[in-house]
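Data first, discussion second: the structure below is written as structure tokens.
The basis for the numbers below is simple: all heavy atoms, side chains too, and nothing from hydrogens, waters or symmetry mates. Every value quoted in this text rests on a predicted model; they were computed, and no experiment measured them. Chain naming here is simple, since letters A, B, ... match the order of the sequence lines and numbering starts at 1 in each.
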Amino acid sequence: MAVRLAETEAYLGPEDRAAHTWGGRRTPRVRSMWGRPGVAYVYLIYGLHHCLNLVTLAEGRGEAVLLRGGPVVAGHGIARVRRGDGVSAAALADGPGKLCQAAGITREHDGLDTCASDAALYVADDGVVPLEVETTARVGIESAGAAAGWPLRFVVSW
DNA sequence: TGCAAGATTTTC
DNA sequence: AAAATCTTGCAG
């Protein structure tokens with residue numbers, strides 16, 4: 001099962017009030033977010049949806065990118081089994097929670113090194129060249145003060 | 001030890 | 001527009 005990442009959001013660590021590592025928090029949940037780049041950070045939101053992030057900068061920076069979604073380019077079958085019948089191809093993974101459900105991602109994947117040769121989860125370049133990259137404010141973080149307006153959401157089209 | 005709120009999705 | 005649902009983080 002594969003998704004072409006078309007929508008992401010950046011979370012900048014201690015300086016970013018919307019980030020789970022805001023203020024330098026080092027709690028059990030965000031353990032993996034302080035880890036090495038390439039490590040997956042998966043958490044449960046609202047008690048029923050998973051969100052997948054990948055650590056970006058160096059270990060100890062607490063910075064990661066939230067993978068919000070994109071079109072499923074392989075494995076539509078299994079994705080639809082997980083998401084349920086009657087779900088349109090476009091809606092299979094067009095949201096943080098949907099992406100994780102379609103890909104079968106849970107907290108079991110938290111802390112996984114996506115750079116490992118035997119990783120169950122990894123990122124690859126499929127060669128498609130982005131036509132345009134749109135930058136907007138992040139979604140769902142109304143209460144993050146000034147950080148809520150930061151242009152850290154990126155949407156790619158091709 | 002208890003309670004309020006959350007990087008969402010789905011349905012009425 | 002509102003509920004579903006549970007873990008984390010902060011107050012006491």
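OP1 or OP2 of B:dG6 lies within a sub-4.0 Å distance of a side-chain N or O belonging to A:Ser143. Contact annotation: A:Arg153 side-chain N/O to B:dA7 OP1/OP2 distance is not under 4.0 Å. Contact annotation: A:Thr27 side-chain N/O to C:dT8 OP1/OP2 distance is not under 4.0 Å. Checking the phosphate oxygens (OP1, OP2) of B:dT9, no side-chain nitrogen or oxygen of A:Arg83 falls inside 4.0 Å. The phosphate of C:dT8 (OP1 or OP2) has no side-chain N or O of A:His20 nearer than 4.0 angstrom.
Under the 3.5 Å distance criterion, the side-chain polar atoms of A:Trp34 are matched with a main-chain donor or acceptor of A:Arg25. With A:Ser32 contributing its side chain and A:Gly35 its backbone, the two residues share no donor-acceptor pair below 3.5 Å.
One atom, OH of A:Tyr46, and another, P of C:dT8, lie 16 Å apart when rounded to the nearest Å. For the pair A:Arg138 CZ and B:dT8 C1', the interatomic distance rounds to 16 Å; values are reported in whole Å. In this structure, A:His50 places its NE2 atom 11 Å from P of C:dC6, rounding to the nearest Å. One interatomic measurement links the two molecules: CG of A:Leu66 to P of B:dG6, which rounds to 16 Å at whole-angstrom precision. Atom CD1 of A:Ile105 is separated from atom P of B:dA7 by 19 Å (rounded to the nearest Å). One interatomic measurement links the two molecules: CZ of A:Arg29 to P of C:dC10, which rounds to 10 Å at whole-angstrom precision. Distance, A:Leu48 CG to B:dT11 C1': 13 Å, rounded to whole Å. Rounding to whole angstrom units, CG of residue A:Leu54 and C1' of B:dA7 are separated by 14 Å.
Across every strand in view, B:dA7 sits unpaired, with no contact that passes the Watson-Crick or G-U test at under 3.5 angstrom. Nucleotide C:dC10 has B:dG2 as its partner under the Watson-Crick or G-U criteria, with both atom distances under 3.5 Å.
Summary of the strand contacts: A:Tyr43 and A:Lys98 both lie near DNA chain B, and taking for each the nucleotide with the nearest heavy atom, the more 5' one is attributed to A:Tyr43.
Residues A:Asn53 and A:Met33 form no side-chain contact, since every pair of their non-hydrogen atoms from C-beta on lies 4.5 Å or further apart. A heavy-atom distance below 4.5 Å is found between the side chains of A:Arg68 and A:Arg153.
Ranking C:dT7, B:dT9, C:dG9 by closeness to the A:His49 side chain, first place goes to B:dT9. Taking the side chain of A:Ile45 as heavy atoms from C-beta on, and the options B:dA7, C:dC6, C:dC10, the nearest nucleotide is B:dA7.
Within the nucleic acid shown, A:Ile141 comes within 4.0 Å of sugar-phosphate atoms alone, with no base atom in reach, counting heavy atoms only. No contact: A:Arg17 has no heavy atom under 4.0 Å from any strand. Note on A:Arg68: only backbone sugar-phosphate atoms sit closer than 4.0 angstrom, heavy atoms only; bases stay farther off.
Annotation for A:Ala79 and A:Met1: closest pair CB-CE, 4.0 Å, computed over non-hydrogen atoms.
Under the 3.5 Å distance criterion, with hydrogens and angles disregarded, a donor-acceptor pair is assigned to the side chains of A:Arg83 and A:Gln101.
The ring of A:Tyr11 lies on top of the base of B:dA7, close enough and flat enough: under 5.5 Å between centres, under 30° between planes.
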